[in-house]
Amino acid sequence: MIALKTKNLSFSYDGKNNILKNLSISVEEGEFLAILGANGAGKSTLLRLLNGLLKDFQGEIEIFEESIKKIKRDELFRKICTVFQDPNDQLFALTVFDDISFGPRNMGLSE
């Protein structure tokens, strides 16, 4: 099953200059995807689009064969997330347990 798919994905912050232009990606369930590039290449923008944080895009984004535009935010956040390269950017709680459990707790899951 295709876990992540983009087709002709384009995005611009100002409506004029494309940060991403006609990007097409297909990632099968169980595969890993590394996003690499120089500063300003659009890596963070792509992740914000995949996480549903940016909505004004052209093209298609599908998570497990469902359009990201049709997935409710809480359901989307259960299916896709971002892990930062630098743990100092990722971790914010005093313990690893508290940091890792933050998401599931906010989703209403039990200990």
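Position 1 is the first residue of the sequence, and the numbers go up from there.
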Side-chain donor/acceptor of E31 to backbone N/O of E28, under 3.5 Å: yes
Taking the side chain as everything from C-beta on, heavy atoms only, tell me whether L4 gets closer than 4.5 Å to L50. yes
CD on E65 to CD on E29, rounded to 0.5 Å: 9.5 Å
Test of understanding: clusters of I, L, V, M, F, W, Y form through side-chain heavy atoms closer than 4.5 Å, transitively. Do M1 and V27 belong to the same one? yes
Exam field: side chain K43 to backbone A38, donor-acceptor pair closer than 3.5 Å: yes
Does the side chain of I2 reach to within under 4.5 Å of the side chain of S26, using non-hydrogen atoms? yes
Which atom names give the shortest non-hydrogen contact between S12 and N18, and what distance separates them? CB-OD1, 3.8 Å
L9 vs L46 side-chain heavy atoms within contact, under 4.5 Å: yes
When rounded to the nearest 0.5 angstrom, what is the spacing between OG in S44 and CD1 in I19? 11.0 Å
Any side-chain heavy-atom pair of L53 and L47 under 4.5 Å: no
Checking S24 side chain against N8 main chain: does a donor-acceptor pair fall under 3.5 Å? yes
Results of ring pair (Phe, Tyr, Trp, His ring centres under 6.0 Å) for F102 - residues two or more places apart only: F92
Given side chains that start at C-beta, do those of F11 and T45 come closer than 4.5 Å, heavy atoms only? yes
Quick one: are E62 and K69 in side-chain contact, heavy atoms under 4.5 Å? no
Whether the side chain of T6 engages the backbone of I61 through a donor-acceptor N/O pair (distance < 3.5 Å, no angle test) should be reported. no
Answer whether the closest heavy-atom distance between the side chains of I68 and F57 falls below 4.5 Å. yes
L33 and F64: same hydrophobic cluster, using ILVMFWY side-chain contacts below 4.5 Å? yes
Checking salt bridge (charged side-chain N to carboxylate O under 4.0 Å, His left out) between E75 and each of R78, K72, K79, which is the one that passes? K79
Counting N and O atoms only, with roles assigned by atom type, does the side chain of D14 sit under 3.5 Å from a partner on the main chain of N17, one being a donor and the other an acceptor? yes
